[in-house]
2 protein chains.
Amino acid sequence: MPESDYPDIRELHLFSDMADEHFLSLMRGAYVQNFPPQIELITEGDPSDFLHIILSGSVDLFSTWNGRETSMATVRPISTFILAATVKDAPYLMSAQTLEKSRIALIPSQDVRAVFDADGNFARAIVTELAQCYRSVVKVQKDLKLRTSLERLANYLLRKQKNAGGAAEFDLDYEKKRLASVLGMTPENLSRAFKGLQPYGVSVNGARVRIGDQEDLERFAKPNPLIDDFTT
Amino acid sequence: MPESDYPDIRELHLFSDMADEHFLSLMRGAYVQNFPPQIELITEGDPSDFLHIILSGSVDLFSTWNGRETSMATVRPISTFILAATVKDAPYLMSAQTLEKSRIALIPSQDVRAVFDADGNFARAIVTELAQCYRSVVKVQKDLKLRTSLERLANYLLRKQKNAGGAAEFDLDYEKKRLASVLGMTPENLSRAFKGLQPYGVSVNGARVRIGDQEDLERFAKPNPLIDDFTT
DNA sequence: GCGTCGACTTGATAAATGTTAAGCTGCGAA
DNA sequence: TTCGCAGCTTAACATTTATCAAGTCGACGC
C-alpha cells in the first residue's frame, strides 16, 4: 500500500490508538485497489480473507436468498466493513458491490486477528466499532418490525434532512430502486409512499426532496432517537 | 454476590480468559437477584448501569414504538445481555422482562468498562461476543427482509427441530403470542401460518409440534446456514 | 434529430398481512 | 362443580404490500 494512504487510515478510530509497530505491520501486508462501479467485491458465504476499508466511493452491502435480494446497508468513506466476519474467521454474511468508482484498502484477515491478539488498544477499538455496528443493526430491526413502509420512509427522510444540515431541500444519495430495497419495500411501493407523504408537505422531483413542513412530517413520523439516531 | 455463583460465571467464554484479579474485582461489585416472572428488568432508553448475566430462567428482550411492541430476542442461561450498551456507555435500545422466575447477576457497567480497559484478554473476549451478537442480528434482518411469514415459521421450526436433536416431535419453548412477535407477525397470522404448513407435514397440538416429513418441509423452507445457523 | 434504454411512475389486480369480533378450550379459583 | 379468564383459533373484512403490465421521461449514442 502506498504510504500516502497511511494517514487517512491511521485517523480511523479503529486504528488511531494502536502501537505504531502494529499499525505498520498491518499496513505492510495490506494493499489498495481501485474498483469500477458495479463490481462485486465480496460474495456472501465466502471465507473472510480481508478486512475492507473504503477510502473513496461507496459500497452496497446486500444479501440474497431463494432468488430474492435485499440491500442491507451502504458503506461510505472512511470506514471499515465486514469486521465481524474477520474477527470471527467466519464466512461473510453479506455480499458487497461498488456503487461508484471506489478506492478500497484490503488488510488480510489473519493479520488483523494476529494484531488483535497482540495489541490491547486495537482490541478495545474493535469493541467500540462492533458495539456501534451491533446497535445500528438493532435499530434497523426495530424500524422494520415496528413501522409501516410509509413510516419508515418518513423517518428516513427526516434523518437525511438532519444529515443535510436541516435544509428544507436535499438530494437522495442513491437511486430510488436501492432506497426501496434498503427500506424493505418494492420500487413501486416507494413511489406510492412518496405520494402518501404529500399531505405532510413532502414533494419529490427526481432525486431532489423538499420537506415543506418539518414539524408536520415529524408529527406523522414520530422519530425516536432509539431508532433513528445512529450516532449513539 | 455469593461465591458459589463465581464458577458458573467464570465458565462463560466472556470471563474465562481474564486475570483472576480482574475477575474478582468484577465479582466484588456485582450482586445476584431472583426475579419473579413478568418483571421488567430494563426499560429501553434508560442509561446502561449494569451488565446482566442470566443464571437461570429466561428473559425476553423487546422494543416499543408508538404504542406497538415487538419481541426482539429471548435470552437463556448462561449468557450476558445488553453488552453493547454497557461498553458504549449508551442507553439501552431494548427493554427486558423475565418470562419465568429468573436468577440474574448484575455487574456495574462502569466496572466492566474499567476492567475492559485494563485487561486485554477480557477485551478480546468481548470482541468475540459482540461479533457473535452482531452476526445474529444480521441473520434475523435477512430472515425478515427476504422471507414471507410462512417461510420464517417453516425455517424457525426446522431450527427448533435441530435444537431438539432432530426429533420429529418437540415443544415450542414459549407461548405462541410471543413466537408470533419474534417472527414479526400477529398471533392470528401465526395460526394461519401453522395451517399453511400442514401440506408440508407440520401438525400442531398446543405447544407440541410434529414435523411429519422433514425433507418435504425443507424443500419448502430452503434453510440456509447464512441465515439459520446461529452458531457461526 | 431520432431511437433506445433504463429509471421511474401509474393503474389494475392479486397476495399477504393486520384488524375486529366471536367463539372455543383448558385451567385455576371460588 | 361452576365461573371466569387467558390463550388460542376462526372467520369476515380491511389494509398494506407485491406483482404485472403499460406508459412517461430524460440521458445518451449515433
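For the numbers below, each heavy atom of this structure counts, side chains included, while hydrogens, waters and symmetry mates do not. In what follows, every chain begins at residue 1, and chains take the letters A, B, ... in the order their sequences are listed.
Contact annotation: side chain of A/R192 to base of D/dT15, donor-acceptor pair absent below 3.5 Å. Contact of A/E188 with D/dC20 (side chain to base): a donor-acceptor pair of N or O atoms is detected under 3.5 Å.
Atom CG in B/L172 sits about 14 Å away from atom C1' in D/dG7, given to the nearest Å. The distance from atom CG of B/L153 to atom P of C/dT17 is 11 Å, rounded to the nearest whole Å. At whole-Å resolution of the value, CG in B/L144 and P in C/dA16 are 17 Å apart. Rounding to whole angstrom units, CE of residue A/M185 and C1' of C/dC8 are separated by 15 Å. Atom P of nucleotide D/dA6 and atom CD of B/E175 are separated by 12 Å, given to the nearest angstrom. C/dA7 atom P lies 15 Å from atom CG of A/L179, rounded to whole Å. Atom C1' of nucleotide D/dG26 and atom NZ of A/K176 are separated by 13 Å, given to the nearest angstrom. Atom CZ of A/R147 and atom C1' of C/dG18 are 19 Å apart (whole Å).
Among D/dA18, C/dT10, C/dT17, the nucleotide with an atom closest to any side-chain atom of B/S149 is C/dT17. Closest to the side chain of B/S191, out of D/dT9, C/dT10, C/dG18, is D/dT9. Closest to the A/K177 side chain, of the nucleotides D/dT9, C/dA7, D/dT19, is C/dA7.
Put simply, the side chain of B/F220 reaches to within 4.5 Å of the side chain of B/E151, judged on heavy atoms. Under the 4.5 Å side-chain criterion, counting only non-hydrogen atoms from C-beta, B/L144 is in contact with B/R152. Counting only heavy atoms from C-beta outward, the side chains of B/L183 and B/L153 approach each other to under 4.5 Å.
Phosphate proximity of D/dA18 to A/T186: present, with a side-chain N or O under 4.0 Å from OP1 or OP2.
Using a 4.0 Å cut-off between charged nitrogen and carboxylate oxygen, A/R103 and A/D8 do not count as a salt-bridge pair.
Atom CZ of B/R208 and atom CG of B/L172 lie 10.0 Å apart (nearest 0.5 Å).
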